[in-house]
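All values below were derived from every heavy atom in this structure, side-chain atoms included, with hydrogens, water molecules and symmetry-related copies excluded.
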Amino acid sequence: MPVNLPYALTAELTHRCPLHCPYCSNPIELQKKESELSTDTWLSVLEQAGELGVLQVHFTGGEPLLRPDLELLVRHARELGLYVNLITSGVGLTDRRARQLAEAGIDSIQLSVQASSSELADSIAGFSAHELKRQAAQRIRDNGLPLHMNVVLHRTNLHQIEEIIELCVSWGAERLELANAQYYGWALRNIDQLLPRQDQLHEAEAAYMRAQRRFGHQIELLWILPDYYEDFPKPCMGGWGQLSLTVAPDGRVLPCTVSSEIRTLSFENVKERELAWIWRDSPSFNAYRGYEWMAEPCRNCERRELDYGGCRCQAFLLTGDARSADPVCVRSPHRGIIADRIGTIANENAGWPLYSYRGR
Ligand code: SF4
Ligand code: FES
C-alpha cells in the first residue's frame, strides 16, 4: 500500500501544565522538563516536517506557553510556509506574549474552556483559570487573531452546553469544538466519573441543535461524537499513519498523541532518526497501515475501509491487543467492556464526582 504524505504535525512542546483536568488524554506517565527537546531540535523538526509535505503545525502540550521559545518556533514555522495553530489553556497568555505571537505570524489560537460558569470551570480544572481564559480571549481578539475554542464535554458540564456556546460567542470565538470526552490516558482513570448517561447526551445534542439554529451564523460549531454510545467506531486519525504525526516532548514520533500508551510498540526518536524515515519506514508507523494486520472480525468486514477497525489506542487500552477491533464496534467480541462501563454509570449521578485530578 503506498504511503501518503502527512498533512499535519502535532508538536507537543511540553507535558507541563498549570491545570489538573480529570479528562486529560495525555499518557499516565508524563515527560519531565529535563527530557524536553531543545529549541534547535524543534527548529530542525519543523524543517524536516516541511520537507516531508506537512502543511499545518499545531503547537500543544501540556501548556505550550510554558516554553519561552514558543514565539521563535512559531516564527520559524511560518517562514517555512506552514499554517500555525496554538492549542492553549490561555494561562500565561500575557499582553506581551499575545502581541509577540501575532508578530511572529501565528494563524490561529485554540483556547480551551471547561464550563460556562467560573465556579464549575475552576472546579473541573482544579485551578482558578476561568477569568484568565476570559482575559486571554480578549488579548487574542485585540491582536486581530482568529479565536477558536474547545470544550471537553462530560457528565458534569453537559447540562451547560447552551450557556457554553453563548459564552464563546460573547468572547468572540469564530469556531467551537464541542468535544465529548475520549477515554484515553489519564481520562480512562476517571471514566466512571466522566462518562455521561445516554439521556444526558440526547438532551445535550438537542441543545446543540437549538444553539446551531440560534448562533450558526455567528460561530462554527463542531460536535465531536461520544463513541461509547455509537454502534460502530470512529475512523480514528483517518487511519494509522495516514494523515498526521505527533512529536512528543521527549522527541518520540507517534502516529497519534495517545499511541505511546501502546506498550507493545516502541517508537523512534527525532534525536536518532530522520522524520521522513520514521514516517515512511519505521515499524511503529507501519504496524497498522493497510489491512494485513487486521484480525477477525475486521479482516473480512465490509466496513474496514470506512473505519479502519476504529481506534488502535482504544483497542489496546481496553483489550490489551492493539490489533483487535475497537470494542466500541457491535461486531467486536469485546463490546461487553463498553456495555459494562455504560451499565455501571446508569444510576450514578449524585453529588460532585470524586475525580482523580491530573498532577496532584
Ligand atoms: Fe469496523 Fe472492524 Fe467493526 Fe468492521 S468489525 S465495523 S472494520 S471495527
Ligand atoms: Fe490513537 Fe485512536 S487515539 S489511534
>> Restricting to non-hydrogen atoms, name the atom on S244 and the atom on M237 that form the minimum distance, rounded to 0.1 Å.
In response: OG-CE, 3.4 Å
> Step by step, would you call S112 with N150 a side chain to side chain donor-acceptor pair (under 3.5 Å)?
Replying inline: CA-CA 5 Å; S112 64; N150 79 295; 4.8 Å; no
> In Å and rounded to the nearest 0.5 Å, what is the CG to CG distance from N180 to L194?
Replying inline: 11.5 Å
>> Using the rule given for side-chain contact (heavy atoms from CB on, under 4.5 Å), can you reason through L318 versus Q314, listing the C-alpha separation, both sets of side-chain angles and the distance that settles it, and then say yes or no?
In response: CA-CA 6 Å; L318 297 185; Q314 188 147 274; 3.9 Å; yes
> Would you call E268-R252 a salt bridge at under 4.0 Å N-O?
Replying inline: no
>> Please find the pair of heavy atoms, one from V151 and one from V113, that lie closest to each other, and give the distance.
In response: CG2-O, 3.3 Å
> Is it true that L70 and V45 fall in one hydrophobic cluster, defined by side-chain heavy atoms closer than 4.5 Å?
Replying inline: yes
> More than 12 non-hydrogen atoms from neighbouring residues, nucleotides or ligands closer than 6.0 Å to CG on L306, yes or no?
Replying inline: yes
> Hey, would you say the W171 and H148 ring centroids sit under 6.0 Å apart?
Replying inline: no
> Salt bridge check: are K33 and E36 linked by an N-O gap of less than 4.0 Å?
Replying inline: no
>> For Y183 and Y228, take the angle between the two ring planes, folded into 0 to 90°, and tell me which bin it lands in: parallel under 30, tilted 30 to 60, perpendicular over 60.
In response: perpendicular
> Is there a donor-acceptor contact under 3.5 Å linking the side chains of D122 and H130?
Replying inline: no
>> Can you tell whether the side chains of R175 and E177 come within less than 4.0 Å, N to carboxylate O?
In response: yes
> Where the side chain of Q160 meets the backbone of S116, is there a donor-acceptor pair that is under 3.5 Å apart?
Replying inline: yes
>> Does the Lys NZ or Arg CZ of R273 fall within the cation-pi geometry relative to W279 - under 6.0 Å from the ring centre and within 45° of the axis?
In response: no
> Would you say the side chains of Y184 and T257 form a donor-acceptor pair under 3.5 Å?
Replying inline: no
> side chain to side chain donor-acceptor pair (under 3.5 Å) between S44 and T41: does it pass, once the steps are laid out?
Replying inline: CA-CA 5 Å; S44 164; T41 308; over 6 Å; no
>> Between R75 and E103 (salt bridge meaning N to carboxylate O under 4.0 Å), is one present in this structure?
In response: no
> Do you see a donor-acceptor pair shorter than 3.5 Å between the side chains of Q114 and Y23?
Replying inline: yes
>> Could you go through Q56 and Y7, starting from their C-alpha distance and side-chain angles, then the distance that decides it, and tell me whether this counts as side chain to side chain donor-acceptor pair (under 3.5 Å)?
In response: CA-CA 7 Å; Q56 299 187 349; Y7 172 73; 3.1 Å; yes
>> Just verifying a value: how many Å separate R16 CZ and K32 NZ, rounded to the nearest 0.5 Å?
In response: 12.0 Å
>> Check for me whether R303 meets the cation-pi criterion with F232, that is, NZ or CZ under 6.0 Å from the six-membered ring centre and within 45 degrees of the ring axis.
In response: yes
>> Assess whether a salt bridge exists between D326 and R312, defined as any Lys/Arg side-chain N lying under 4.0 Å from an Asp/Glu carboxylate O.
In response: no
>> Would the distance check show the side chain of N85 and the main-chain N or O of D107 forming a donor-acceptor pair, the cut-off being under 3.5 Å?
In response: no
> Quick check: does any side chain N or O of E12 sit under 3.5 Å from a backbone N or O of T14, one acting as donor and the other as acceptor?
Replying inline: no
>> As a quick check of understanding, evaluate side chain to side chain donor-acceptor pair (under 3.5 Å) for Q182 and S25, giving each step before the final call.
In response: CA-CA 7 Å; Q182 306 282 323; S25 60; over 6 Å; no
>> Please determine whether residues V84 and L66 belong to a single hydrophobic cluster, defined as Ile, Leu, Val, Met, Phe, Trp and Tyr linked transitively by side-chain heavy-atom distances below 4.5 Å.
In response: no
> Can you name the closest pair of heavy atoms from D227 and V328 and give their distance?
Replying inline: O-CG1, 3.3 Å
> Once the angle between the rings of W293 and Y288 is folded into 0 to 90°, is it parallel (under 30°), tilted (30 to 60°) or perpendicular (over 60°)?
Replying inline: perpendicular
